[in-house]
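A short worksheet on the structure shown next.
Labels below follow one simple rule: chain letters A, B, ... track the order of the sequence lines, proteins then strands, and each chain is numbered from 1.
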There are 2 protein chains.
Amino acid sequence: MYRCEKWKEKPPVLRSYDREALVSQIRAGLALRPQIEEILDGFLQAGTESVWFIGIGGTYASCMQVHTYAKHRTSLPVYCENAAEFLTTGNRQFNERALVIFSSESGTTKEMIELDAYMKERGIRRLAFVDTPGTPLAEEDEQKKVIVSRKNEQLKFFMCINYLMYCRGEFDDYAQYCENMETYLAEALAETEESADDWARRCAHDLAEFRDKHPEMPHYFAAAGNQYGAAYSYGMCYWEEQLWIRTRVVSCADFFHGMQEIIDRDTPVTLFIGEDEQRPLAERAARFLPKVCANYTVIDTAEFPLTGIRPEYRGSVSHLVMRAVCSRIDAYLEYYLRHPMTIRRYYRQFDY
Amino acid sequence: MYRCEKWKEKPPVLRSYDREALVSQIRAGLALRPQIEEILDGFLQAGTESVWFIGIGGTYASCMQVHTYAKHRTSLPVYCENAAEFLTTGNRQFNERALVIFSSESGTTKEMIELDAYMKERGIRRLAFVDTPGTPLAEEDEQKKVIVSRKNEQLKFFMCINYLMYCRGEFDDYAQYCENMETYLAEALAETEESADDWARRCAHDLAEFRDKHPEMPHYFAAAGNQYGAAYSYGMCYWEEQLWIRTRVVSCADFFHGMQEIIDRDTPVTLFIGEDEQRPLAERAARFLPKVCANYTVIDTAEFPLTGIRPEYRGSVSHLVMRAVCSRIDAYLEYYLRHPMTIRRYYRQFDY
C-alpha cells in the first residue's frame with residue numbers, strides 16, 4: 001500500500017516529452033513549404049491584393065502574432081480579424097481581391113465554419129490549415145485550398161507571410177532564411193525544451209504551491225511583440241482553458257498605463273521577453289518589476305542557444321522558443337495540479 | 001464621539017455627481033464640431049488618405065472603440081495603433097498622406113510625446129485633443145492642430161470619424177445625426193446616471209462586500225463591439241489603476257474559447273451589452289452565464305431610455321451610456337472601498 005504525498009513525489013524528468021515526435025512534427029511543418037508556395041503562387045496570379053488572417057480564441061492569437069510580424073515588414077495590406085467580430089461587423093477594406101488564411105485544429109469550430117461559408121458564398125480565396133482530415137473545414141472548394149497537417153499553426157502562418165514578402169521583393173534572403181530554419185529549427189526547439197526542463201519543473205512546483213495558498217489570485221502575464229499573441233494564447237488557451245488557473249494578460253506597452261498599480265510584492269507575474277523589435281518594451285517591464293514585486297518570473301528567449309539559427313533570424317521565431325519553454329512548465333503544472341489538460345468543464349460539453 | 005460602521009453607513013445618493021457640470025461638459029464636447037470640421041477640411045484638402053488613431057493605455061482603448069465603429073462604415077483606411085508598439089515596430093501602411101489623431105488628458109504622457117516628436121520630424125499631419133493647456137502635447141506646429149478641451153475623448157474621436165465619413169459621402173444623415181446628438185445626448189447621459197444611481201449603489205455595495213471576502217479574486221468583464229474598448233479601459237484604467245481591484249477583460253468573441261472554463265458559481269463576472277452590430281455576441285454570453293454562474297452582473301444599455309435619441313443612433317453612443325452607468329458604480333466603490341480614485345501607487349511616482 002502507499003499514499004500519495006503531494007509535494008514529495010516528483011514527476012519524471014522531461015515528463016510528456018518525446019524528442020523524436022517533436023522534431024518530426026516541426027520538420028513536417030517546415031516541409032509544407034513547397035505546397036504553401038504553390039498555393040500562394042496560384043492565389044497571387046489570380047490577383048490577391050490583401051491578406052486576412054482570421055481566427056477565434058487561440059487561432060486569433062496566432063493571427064495577432066503574424067500580424068505584428070508582418071505589418072512593418074511588408075507593404076502588402078495584412079489584416080488580423082476575430083471571426084465572430086468579422087461576421088457581425090465586417091470590414092470595408094475587405095473585398096474580392098482578399099486572401100483569407102485561417103487554421104483550425106478540430107476542423108469543426110462553429111465560428112470558423114460560419115466564416116468559411118460566408119467566404120465561399122462570396123467566392124473569396126482561402127487557404128485553410130486544418131489538423132483533422134474529413135472535417136467540414138477540411139473540405140476544399142473552387143476558391144479554397146486546404147492543407148491538412150497537424151500542429152505548427154504559427155509556423156504555417158509565418159511561412160505564408162514570408163513567402164508573400166519574398167514574392168514582392170521584400171525578403172531578399174528568403175532562401176537562406178528557409179534553409180537556416182529547415183536545417184536547425186526543429187533541433188533548436190527540442191534543445192530548448194530539454195535545457196528548460198529542470199528549471200520549468202522547479203518553476204511549476206512553486207507556481208502550484210502558490211496556487212494552493214492563493215487559488216483565486218490571477219497569474220499576470222506581460223509580453224510585447226510576437227510574444228503578446230503568445231501570452232494571449234498561453235494565458236487563455238493553456239492556463240485558463242486547460243489548467244483552470246486564473247490569468248490576466250497585458251501588453252508591455254499598456255502594462256505601465258493601469259495594470260501595474262495592482263502589482264505588489266506577492267503578485268505572481270510572468271514576463272515574456274522575446275527578441276523581435278518590441279524587446280525594449282519588455283525590457284522596461286523587466287527593470288520595473290523587481291522594484292515592486294518579489295514573485296515574478298522572467299522568461300527571456302535570448303538565454304537559449306538555438307544552435308545553428310542565425311542571430312538575425314532569432315526574433316522571427318522567439319514566440320516558438322517561448323512556446324517550447326512553456327510546454328515544459330505545463331507538463332509539470334499538469335502533474336502538480338493533478339489536472340489533465342484535456343479536461344473541459346464547458347467547451348463542447350453542452351449547447352450554448 | 002462616533003465610530004465608522006463600514007457597511008451600515010451609506011454614501012449619499014448621487015455621490016460625486018453634478019448634473020449641471022456633466023451636461024455642460026458633454027455639450028462642450030459636442031460644441032467642438034465646427035472646429036473639428038474646419039481642421040479636418042484643411043487636412044483633407046492637403047491630401048489625407050488614411051486615418052490613424054494612436055494611443056496608449058486608456059487612450060488606446062478609445063482608439064479601439066472608434067476603430068471598431070469605423071472599419072465597417074467607411075472605405076477610408078482607419079488604423080488603431082498603440083503608441084509604444086508603433087514607435088518600436090512601425091507599420092508599412094503608414095505614409096506622409098496619413099492623418100494621426102490622438103488625445104491626452106495630462107498633455108505630458110511619455111510615449112505620446114515621443115510619438116508626437118516622431119510625427120513632427122516626418123511632417124505628418126496631426127489632430128491632437130489635449131485636456132491641459134500649456135503642456136508639451138498642446139503645442140501646435142506646422143502640421144499639427146490642437147484642440148484644448150477637457151474630457152469627452154471618445155466623443156471627440158467619433159466626431160472626427162463621423163465628419164470624415166460625411167465628407168466621403170458615407171454618412172447621408174450626418175446633419176440630422178449631429179442635431180439629434182447636440183439636442184439630446186447630454187441630457188440623456190445625465191438621465192442615465194440618475195436612473196442608474198440607486199442600482200449602482202447597491203451593486204457597488206455587493207461588489208465591495210465580495211472583495212472583502214475575496215480580495216485576490218479578479219473581476220471578469222466580457223464585452224463586444226464598442227463595449228470592448230469600454231471594458232478594456234474600465235477594467236484597466238478605472239478598477240486596476242484607480243481602485244486597485246484585480247480584473248480580467250475578455251471579448252465576448254473569445255469568451256467562449258478559453259476563458260469561460262474558469263468561471264464557476266461564485267466567479268464575479270460583469271457583462272457589458274451594447275447596441276451596436278456586435279450585440280449578438282454579448283447576448284450569447286448573457287444566455288450562457290446563468291447556466292454556470294450565480295455571481296454575474298449584466299449591464300445592458302438598451303434598458304435606458306436615452307430620451308430624444310433616435311433608435312437608429314443608439315448603438316453609436318452605447319459606450320457612452322455604459323460609461324455613465326459605470327461612473328455611478330465607481331462613485332460608490334470609491335466610498336465602500338475607502339479608496340480615493342486619485343491615488344496612484346506607482347504611476348508618475350518614480351522613474352521607471
Side-chain angles (χ1 to χ4, degrees), chain A residues 56-58 60 68 71-75 77 82-85 88-93 111 214 216-218 224-225 235-237 240-242 244-248 250-254 256-264 276-281 284 287-288 291-292 344-347 350 352, chain B residues 56-58 60 68 71-75 77 82-85 88-93 111 214 216-218 224-225 235-237 240-242 244-248 250-254 256-264 276-281 284 287-288 291-292 344-347 350 352:
Chain A
I56 189 134
Y60 176 54
T68 299
K71 67 182 176 180
H72 59 288
R73 284 188 167 80
T74 176
S75 60
N82 186 295
E85 294 171 11
T88 41
T89 53
N91 186 321
R92 296 249 331 243
Q93 303 303 315
E111 293 90 341
H214 303 273
E216 300 192 334
M217 176 72 97
M236 188 166 79
C237 304
E240 286 183 341
E241 179 172 341
Q242 300 181 41
W244 301 358
I245 301 173
R246 306 188 180 284
T247 64
R248 191 301 193 211
V250 69
S251 77
C252 291
D254 278 352
F256 292 105
H257 292 271
M259 203 222 79
Q260 66 182 130
E261 292 289 331
I262 36 82
I263 292 178
D264 61 19
D276 69 358
E277 297 76 6
Q278 289 186 28
R279 182 177 176 88
L281 303 183
R284 188 181 179 209
R287 287 192 301 273
F288 172 80
K291 295 184 185 169
V292 303
R344 294 295 177 277
R345 230 196 290 249
Y346 312 126
Y347 192 60
F350 60 99
Y352 46 81
Chain B
I56 188 132
Y60 176 54
T68 299
K71 67 182 177 180
H72 58 289
R73 284 186 167 79
T74 176
S75 61
N82 186 296
E85 293 172 9
T88 40
T89 53
N91 187 319
R92 296 250 330 243
Q93 303 304 315
E111 294 88 342
H214 304 273
E216 299 192 335
M217 175 72 96
M236 187 166 79
C237 304
E240 286 183 340
E241 179 173 342
Q242 298 181 43
W244 302 358
I245 301 173
R246 305 188 183 284
T247 65
R248 195 291 196 218
V250 70
S251 76
C252 291
D254 278 353
F256 291 105
H257 292 271
M259 202 221 79
Q260 66 183 129
E261 292 289 330
I262 36 84
I263 291 179
D264 61 18
D276 68 0
E277 296 76 6
Q278 290 186 28
R279 181 176 177 89
L281 302 182
R284 187 180 179 211
R287 287 192 301 273
F288 172 79
K291 295 184 186 170
V292 304
R344 294 296 177 279
R345 230 196 290 248
Y346 312 125
Y347 192 60
F350 60 97
Y352 46 80

Is [X] in contact with chain A via its backbone, its side chain, both, or neither, using a 4.5 Å heavy-atom distance?
X      : result
B:N82  : side chain
B:S75  : both
B:R73  : backbone
B:Y347 : both
B:R287 : neither
B:E111 : side chain

Minimum heavy-atom separation for [X] to [Y], with atom names?
X      : Y      : result
B:E85  : A:Q278 : CG-OE1, 3.4 Å
B:R246 : A:I262 : NH1-O, 3.1 Å
A:E216 : B:P218 : O-CD, 3.1 Å

Value rounded to 0.5 Å, distance of CE in B:M236 from CD in A:E261: 11.5 Å
Spatial distance of atom CD (A:Q93) from atom CD (B:Q93) [nearest 0.5 Å]: 9.5 Å
Interface residue of largest heavy-atom contact number with chain B, from [options], under 4.5 Å:
options              : result
A:V292, A:T68, A:T89 : A:T89
A:G57, A:G258, A:G90 : A:G258
A:P77, A:S251, A:G58 : A:P77

Side chain to side chain, B:K291 and A:F350, heavy atoms closer than 4.5 Å: yes
Whether A:Y346 and B:F288 hold their rings parallel, tilted or perpendicular, with breakpoints at 30° and 60°: perpendicular
Parallel, tilted or perpendicular: ring planes of B:Y352 versus A:F256, cut at 30 and 60 degrees: parallel
Counterpart residues, salt bridge (Lys or Arg N to Asp or Glu O under 4.0 Å), relative to A:R344 (two or more places apart): A:E241
Listed partners of B:E240 passing salt bridge (Lys or Arg N to Asp or Glu O under 4.0 Å), at least two apart: A:R248
Part of A:L281 within contact of chain B (heavy atom distance under 4.5 Å): side chain
Among the listed options B:D254, B:D276, B:T247, B:I56, the residue most often paired with chain A at heavy-atom distances under 4.5 Å: B:D254
Top of B:I263, B:V250, B:I245 for chain A proximity - count of heavy-atom pairs under 4.5 angstrom: B:I263
